[in-house]
Protein chains: 2
Amino acid sequence: MQSKIDSSDQPARSFIETARRAQIIDQAVATIAELGFAQASLARIAKRAGISAGVISYYFAGKDDLIAEVAAHVFDAGEAWVRPKVMRCTSATEALRTFLIASVDYIATSPSNVLAMMNITHAGPKPDGAPRFDPNVTLGRSEGLSRVLEWGQKTGEFRAFAVPVMVTTVIQAINGVTPALARDPRLDLAAYATELADLFDRATRKDLP
Amino acid sequence: MQSKIDSSDQPARSFIETARRAQIIDQAVATIAELGFAQASLARIAKRAGISAGVISYYFAGKDDLIAEVAAHVFDAGEAWVRPKVMRCTSATEALRTFLIASVDYIATSPSNVLAMMNITHAGPKPDGAPRFDPNVTLGRSEGLSRVLEWGQKTGEFRAFAVPVMVTTVIQAINGVTPALARDPRLDLAAYATELADLFDRATRKDLP
DNA sequence: TCAATTTTTGATTGCATGATCAAATTTTAG
DNA sequence: CTAAAATTTGATCATGCAATCAAAAATTGA
């Protein structure tokens with residue numbers, strides 16, 4: 001009867017609690033992906049998950065809290081997909097290329113397609129002016145990309161440029177896959193990824209082939 | 001008493017009708033810019049415009065219709081800001097640079113900051129699968145950019161690349177100003193714009209300085 | 001086994017929204 | 001001036017929503 005939501009600093013979650021939260025987050029992702037963000041009500045998510053409406057409120061402090069965890073989950077999954085591929089690279093040039101191609105690949109094959117827009121959708125100010133949703137959820141998680149760019153500058157592969165601007169631009173370019181796909185569902189994503197890789201190769205490298 | 005909304009193929013709008021529609025659109029822009037998209041209800045927009053709630057429904061078929069017109073208005077204004085500056089350029093290289101700098105400038109100084117995200121926010125599928133909002137509103141209006149890029153390829157200033165990918169990437173890069181500003185409100189936009197110009201200079205030109 | 005605890009249910013609450021409409025007001029035209 | 005038309009009002013309607021909560025059910029542990 002007592003809700004858990006605001007108590008735990010140390011989560012110490014029970015097995016069932018962890019499972020339920022994961023189930024709810026998964027179904028929230030699926031619902032958003034299928035119906036779009038605006039139509040993804042708690043009731044619909046609960047129905048899809050095959051559970052009662054109140055359960056979500058039992059495990060999450062509110063819808064904002066759920067959405068925040070959904071976003072974190074999606075972006076973590078993306079990072080888990082991209083990171084090992086980038087880590088294997090032996091040059092910054094190759095790493096940047098890999099980052100771009102793997103990211104487009106991930107967006108194309110995961111339900112995150114719709115979710116990529118969440119950080120923008122929710123970036124708008126609340127009435128009180130405080131941001132409703134931390135826009136760093138996407139960009140703050142791109143430390144890996146920052147490190148690749150700095151690496152390339154250190155080794156002299158890359159020219160001098162402002163890393164934050166380049167980070168933002170790369171992330172935005174990747175997110176651009178979503179509207180591009182919306183415009184033309186038959187889009188050749190592999191070709192698109194290659195184009196992006198070439199583009200940023202040009203934009204970053206000091207000595208061009 | 002009879003509503004106008006779905007009748008006119010040829011608008012043939014009265015003076016007062018034109019003025020009211022413009023007023024409503026302006027106040028909708030201001031409301032969205034101030035409170036964010038989610039909080040911009042018809043009632044709030046009407047209140048801000050100092051008119052009764054029903055008037056909006058009298059002139060617009062529905063909220064979606066209003067939003068569509070708001071978007072068109074904002075993007076038209078952006079085009080009007082950027083276009084003449086680009087037209088004055090004597091090379092594609094200069095034109096692309098000007099396009100980027102003027103666009104960042106426009107986003108920075110207009111309420112469109114928040115509105116730039118609308119095409120994404122509303123790009124999600126409706127329940128019936130039909131797009132609620134044409135994603136081409138932004139990108140379909142970037143014929144000017146397409147023409148600049150094709151021009152540069154024709155004159156040999158630019159290397160060979162897929163124009164649609166480059167268009168999407170440039171637009172996304174410009175839209176990236178919004179989250180970048182949200183992250184750091186003290187961002188030096190002029191420097192940001194210059195970085196972008198350099199970045200795409202590198203990405204597009206055949207012969208680099 | 002059985003009492004305490006956790007989890008789930010599903011009805012309910014209160015609220016904000018978009019839309020509607022008859023009546024009131026203003027404008028237009030003859 | 002006056003009647004018709006256009007415009008505006010403001011109350012009202014139906015809807016969908018997040019959140020709440022008492023009660024039921026399931027689980028746990030002694």
Side-chain angles (χ1 to χ4, degrees), chain A residues 1-8 11-24 27-28 31-32 35-70 121-122 124 126-128 132-133, chain B residues 1-8 11-25 27-28 31-32 35-70 121-122 124 126-127 132-133:
Chain A
M1 190 162 288
Q2 177 80 354
S3 173
K4 284 228 152 68
I5 45 182
D6 51 359
S7 56
S8 52
R13 287 179 180 139
S14 69
F15 175 77
I16 190 164
E17 185 173 357
T18 305
R20 267 272 177 275
R21 291 177 63 96
Q23 178 197 15
I24 292 168
Q27 297 310 312
T31 305
I32 294 170
L35 300 179
F37 191 80
Q39 309 295 329
S41 66
L42 292 184
R44 254 188 266 261
I45 294 168
K47 187 172 184 179
R48 186 188 189 103
I51 58 179
S52 187
V55 184
I56 297 180
S57 296
Y58 182 70
Y59 287 110
F60 296 90
K63 196 183 185 186
D64 284 354
D65 183 46
L66 171 61
I67 297 300
E69 296 219 31
V70 165
T121 304
H122 274 58
K126 271 184 162 174
D128 54 43
R132 151 181 308 228
F133 192 73
Chain B
M1 189 163 290
Q2 177 79 356
S3 171
K4 283 227 150 73
I5 46 182
D6 51 359
S7 55
S8 51
R13 288 179 179 139
S14 69
F15 175 77
I16 190 162
E17 184 173 358
T18 305
R20 268 272 177 272
R21 291 176 63 96
Q23 177 197 15
I24 291 168
I25 289 172
Q27 297 310 312
T31 306
I32 293 170
L35 300 178
F37 191 81
Q39 308 296 328
S41 66
L42 292 184
R44 254 187 267 263
I45 294 169
K47 187 172 184 180
R48 186 187 190 104
I51 59 178
S52 187
V55 184
I56 296 180
S57 297
Y58 181 71
Y59 287 110
F60 297 90
K63 195 183 185 185
D64 284 354
D65 184 46
L66 171 60
I67 296 301
E69 296 219 30
V70 165
T121 302
H122 274 57
K126 272 186 160 173
R132 151 183 306 227
F133 192 72

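Residue numbers start from 1 in every chain, and the chains themselves are labelled A, B, ... in the order their sequence lines are given, proteins ahead of strands.
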Given atom [atom1] of [X] and atom [atom2] of [N], what is their separation to the nearest angstrom?
{"X": "A/R21", "N": "C/dT7", "atom1": "CZ", "atom2": "P", "result": "12 Å"}
{"X": "A/L42", "N": "C/dT9", "atom1": "CG", "atom2": "P", "result": "15 Å"}
{"X": "B/Y59", "N": "D/dT9", "atom1": "OH", "atom2": "C1'", "result": "13 Å"}
{"X": "A/Q39", "N": "D/dT15", "atom1": "CD", "atom2": "P", "result": "16 Å"}
{"X": "B/Q23", "N": "D/dT8", "atom1": "CD", "atom2": "P", "result": "9 Å"}
{"X": "B/I56", "N": "D/dG10", "atom1": "CD1", "atom2": "P", "result": "14 Å"}

Apply side-chain contact (heavy atoms from CB on, under 4.5 Å) to residues A/I51 and A/Q27 and explain how you reach the verdict.
CA-CA 11 Å; A/I51 58 179; A/Q27 297 310 312; over 6 Å; no
[X] side-chain proximity, nearest of [options]:
{"X": "B/R20", "options": "C/dT20, D/dT8, D/dA18", "result": "D/dT8"}
{"X": "A/Y58", "options": "C/dT7, D/dA19, D/dT7", "result": "C/dT7"}
{"X": "A/S57", "options": "C/dT9, C/dT7, D/dA19", "result": "D/dA19"}
{"X": "B/K63", "options": "C/dA19, C/dT7, D/dA19", "result": "C/dA19"}

Is there a residue in residues 43-53 of chain B whose heavy atoms reach under 4.0 Å of DNA chain D, and which residues are they?
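Result for residues 43-53 of chain B: B/I51, B/S52, sorted by number.
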List in chain and number order the residues that pass side chain to side chain contact (heavy atoms under 4.5 Å, CB included) with B/T18, two or more places apart in sequence or in another chain; answer none if no residue qualifies.
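If we apply the side chain to side chain contact (heavy atoms under 4.5 Å, CB included) test to B/T18, skipping adjacent residues, the hits are B/R13.
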Under the rule for side chain to side chain contact (heavy atoms under 4.5 Å, CB included), what residues qualify as partners of B/S52, not counting sequence neighbours?
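Side chain to side chain contact (heavy atoms under 4.5 Å, CB included) list for B/S52, sorted by chain: B/V55.
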At their closest point, which heavy atom of B/A28 faces which heavy atom of B/V70, and how far apart are they?
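Closest approach of B/A28 to B/V70, heavy atoms only: CB-CG2, 3.7 Å.
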Show the nearest heavy-atom pair for residues A/I45 and A/A40, with the distance to one decimal.
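Scanning both residues completely, I find the closest heavy atoms to be CD1-O, 4.0 Å.
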Tabulate protein N/O versus nucleotide N/O from nucleotides 25-30 of chain C, keeping only pairs under 3.5 Å, one per line.
none

Is there any salt bridge (charged side-chain N to carboxylate O under 4.0 Å, His left out) pair reaching into residues 46-62 of chain B, and which pairs are they, with sequence neighbours excluded?
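Only B/E34-B/R48 qualify under salt bridge (charged side-chain N to carboxylate O under 4.0 Å, His left out).
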Please tell me which of A/G54 and B/A40 maps to the more 5' nucleotide of DNA chain C, matching each residue to the nucleotide holding its nearest heavy atom.
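Looking at the nearest nucleotide for each, A/G54 comes out on the 5' side.
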Does B/S41 put a side-chain nitrogen or oxygen below 4.0 Å from OP1 or OP2 of C/dA16?
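Answer is no, no contact under 4.0 Å.
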Rounded to the nearest 0.5 Å, how far apart are CG of A/L42 and CD1 of A/I24?
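One finds 9.5 Å between CG of A/L42 and CD1 of A/I24.
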Side chain proximity check, B/F60 to B/I25, heavy atoms < 4.5 angstrom:
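In short, these two side chains touch, coming nearer than 4.5 Å.
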Can you sort out the partners of B/R21 under salt bridge (Lys or Arg N to Asp or Glu O under 4.0 Å), two or more places apart, ordered by chain and number?
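With sequence neighbours excluded, B/R21 shows a salt bridge (Lys or Arg N to Asp or Glu O under 4.0 Å) to B/E69, given in chain and number order.
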